[in-house]
Amino acid sequence: VGLFTQQAQAGELTGRLTELHQNYQFLQVRDSAGQQWALLAVGEYAALDAARRAQYALAQQLGGGHQVSVVVLPPKPKKAG
């Protein structure tokens, strides 16, 4: 949903996501130049098609021409046991 140099910069957007009852998380990523970023991600989807449908709906809900991209991340590691 967003990429920020500092997590605190996302305050307005995270507030809007909370109002929309969207679960979100921040992921720390580093680009090829070594710059660290806070990636604001929404949702976990079982299939790429579901993520794409949610992408359009979320962009509409956020309004203001907000661009929402689908970024496919590896699954969370399974718990041992």
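What you see below is based on every heavy atom in this structure, not just the backbone, and it leaves out hydrogens, waters and symmetry mates. This structure is a prediction, so every number in the text was calculated from the model and none was measured.
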| task | Carefully, step by step, assess Q22 and R16 under the rule side-chain contact (heavy atoms from CB on, under 4.5 Å). | result | CA-CA 9 Å; Q22 294 286 332; R16 184 74 178 113; over 6 Å; no
| request: Run the numbers on L27 and L40 for side-chain contact (heavy atoms from CB on, under 4.5 Å), then give the verdict. | output: CA-CA 7 Å; L27 305 169; L40 178 58; over 6 Å; no
| said: Checking L17 against N23 for the side-chain contact (heavy atoms from CB on, under 4.5 Å) test, could you report, in this order, the C-alpha distance in whole Å, the side-chain angles of both residues, the deciding distance, and whether it holds? | reply: CA-CA 7 Å; L17 291 171; N23 292 322; over 6 Å; no
| request: Evaluate the side-chain contact (heavy atoms from CB on, under 4.5 Å) criterion for residues V1 and L39: first the C-alpha distance (whole Å), next the side-chain angles of each, then the deciding distance (0.1 Å), finally the verdict. | output: CA-CA 8 Å; V1 179; L39 174 67; over 6 Å; no
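L13 places none of its side-chain heavy atoms less than 4.5 Å from the side chain of Y24. Looking only at side-chain heavy atoms (C-beta outward), R30 and Q35 stay at 4.5 Å or farther from each other.
Formation of a donor-acceptor pair under 3.5 Å by the Q60 side chain with backbone atoms of A57 is not found in this model.
A 6.0 Å sphere centred on CD of E44 holds no more than 12 heavy atoms belonging to other residues, nucleotides or ligands.
Interatomic distance, OH of Y45 versus CD of Q55, reported as 9.5 Å (0.5 Å rounding). Between Q6 atom CD and W37 atom CH2 the span is 11.0 Å, to the nearest 0.5 Å.
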